[in-house]
Amino acid sequence: MTEQAASRDAIPVGISACLMGEQVRYNGGHKRSRYCLEVLAERFAFEPFCPELEAGLGVPREPIRLVGAPGEAPRVVGTVDPRLDVTERLAEVSRDFIARHRHLRGYILMKGSPSCGLERVKVYRENGMPSHSDAGAFVRELRRHFPELPLEEEARMNDAVLRENFITRVYAYDDWKRRVEAHPSYHELLQFHSRQKYLLMAHHVETYRELGRYLAESSRRPLDAVMGHYLRRFMAALGRPATRKTHANALMHVFGYLKEALDGETRQDLLAAIEDYRLGHVPLAVPIRLLDHYLKRHGSDYIRGQTYLDPHPYELGLRNAI
């Protein structure tokens, strides 16, 4: 693949600018992520953004923090001078960013940031004591105005399950954007649901059943409403990391398309690989590769087209670690 072709195929993903090595932190530093820049940058077209810088806070600058009471929307104020209140300005630049970046397929965030932290960001009482944890101000706007967008903190991607889950969501959302949103129709929506069947089942079988029932009656509803409801439920289900148990269930359903075509010894080998995975003895890549090998010979176009078998580039090696 040429560099130009790779650039066209790269998936647009937002990222906290400090993770790209940009010196935009309050102290003039950065938090350059080697994994993002040396691994994911080969697949993702990163679009960096620093809401604090965009809100007019310079570099270096007075640090900010979240201040408020539990259950209330916290204010974003200076740690030295509480009269520095950037709550409304941060919300404004965040909403403006979202309006201009509906094309993004995901966002990688900076841990602990009062603007970009995904979770466990400290919220302080007026007396200066931390009271509870919340999301950063920018993240709250993302969740409010762009709820389907996959979000993850760069630090949490050290966890193999969370890393694979985030990248799976990015590629699934990219599929939606390219093939359903770009060509909206009931047919494209049903095709999407069909090829995502076992991926959705592996994450949340109840949502798979719910959406199947919903789509069975969807032709009586406005298309835009159906698409909006489906996407919200689909992405919420994928946000629940799959477990060995739920993966094993999906693997057994895929195996069901092969068992009549295989001899007894081969069937036992496949079942043993799935059970070894369920018990934690081997990674997910082992039963997937075995199933894929036989599906290429004996599987139908339907089952070979399941995104569950190949939800992200094999070269990333994500299923070798879960």
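What you see is a predicted model, and the numbers here were worked out from it, not measured in a lab. Positions are given from 1, in the same order as the sequence printed here.
Under the 4.5 Å side-chain criterion, counting only non-hydrogen atoms from C-beta, T246 is not in contact with V205. Side-chain contact between Q196 and L211 is absent, with no heavy atoms from C-beta onward closer than 4.5 Å. Contact annotation: the side chain of R319 approaches that of E164 to within less than 4.5 Å [non-hydrogen atoms, C-beta and beyond]. No side-chain heavy atom of L40 sits under 4.5 Å from any side-chain heavy atom of V13. At least one side-chain heavy atom of R213 sits less than 4.5 Å from a side-chain heavy atom of E210. Contact of the M201 side chain with the Q306 side chain is not registered, since no non-hydrogen atoms from C-beta on lie closer than 4.5 Å. Residues R105 and P150 are not in side-chain contact: their nearest non-hydrogen atoms beyond the backbone lie 4.5 Å or more apart. The closest side-chain heavy-atom distance from L215 to V226 is below 4.5 Å.
Distance check, rounded to the nearest 0.5 Å: CE of M235 to OG1 of T207 gives 12.5 Å. Expressed to the nearest 0.5 Å, how far CD of E72 lies from CG of D134 amounts to 11.5 Å.
A donor-acceptor contact under 3.5 angstrom links the side chains of H193 and Y230, judged on distance only. Judged purely by distance below 3.5 Å, without hydrogens or angles, the side chains of Y308 and H247 pair a donor atom with an acceptor atom. Between the side chains of E47 and H103, at least one donor N or O sits under 3.5 Å from an acceptor N or O. If you check the side chains of R221 and Y214, you find no donor sitting under 3.5 Å from an acceptor.
Salt bridge annotation for E154-K31: absent, with no cationic side-chain nitrogen under 4.0 angstrom from a carboxylate oxygen. Ion pairing between a basic and an acidic side chain is recognised when a charged N comes within 4.0 Å of a carboxylate O; D301 and R304 show such pairing. Looking at R178 and E188, no side-chain N of the basic residue comes within less than 4.0 Å of a carboxylate O on the acidic one, giving no salt bridge. Salt bridge status for R233 with E206: absent, with no side-chain N to carboxylate O gap under 4.0 Å.
Between F234 and the options Y173, Y208, F192, a ring-ring contact (aromatic ring centres under 6.0 Å, His included) holds for only F192.
Contact detail for Q23 and G28: the closest heavy-atom pair is CB-O, 3.3 Å. Considering all non-hydrogen atoms of both residues, L109 and S16 come closest at CA-OG, 3.5 Å. Considering every non-hydrogen atom in both I64 and P114, the closest pair reads O-CG, 3.4 Å. In this structure, S133 and V123 approach most closely via the heavy-atom pair C-CG2, 4.4 Å. Between L149 and Y107, the shortest heavy-atom contact is CD2-CB, 4.0 Å.
In summary, the aromatic rings of F97 and F138 are positioned with their centroids under 6.0 Å apart.
In terms of modelled atom types and a separation under 3.5 Å, the side chain of R144 and the main chain of E141 share no donor-acceptor contact. One N or O on the side chain of R267 and one on the backbone of L262 form a donor-acceptor pair closer than 3.5 Å.
For R220 and Y186, the positive end is not near the middle of the six-membered ring at less than 6.0 Å and at most 45° from its axis.
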Please lay out, stage by stage, how R289 and Y314 fare under the test side-chain hydrogen bond (donor to acceptor under 3.5 Å, both in side chains). CA-CA 11 Å; R289 289 299 298 277; Y314 174 77; 2.6 Å; yes

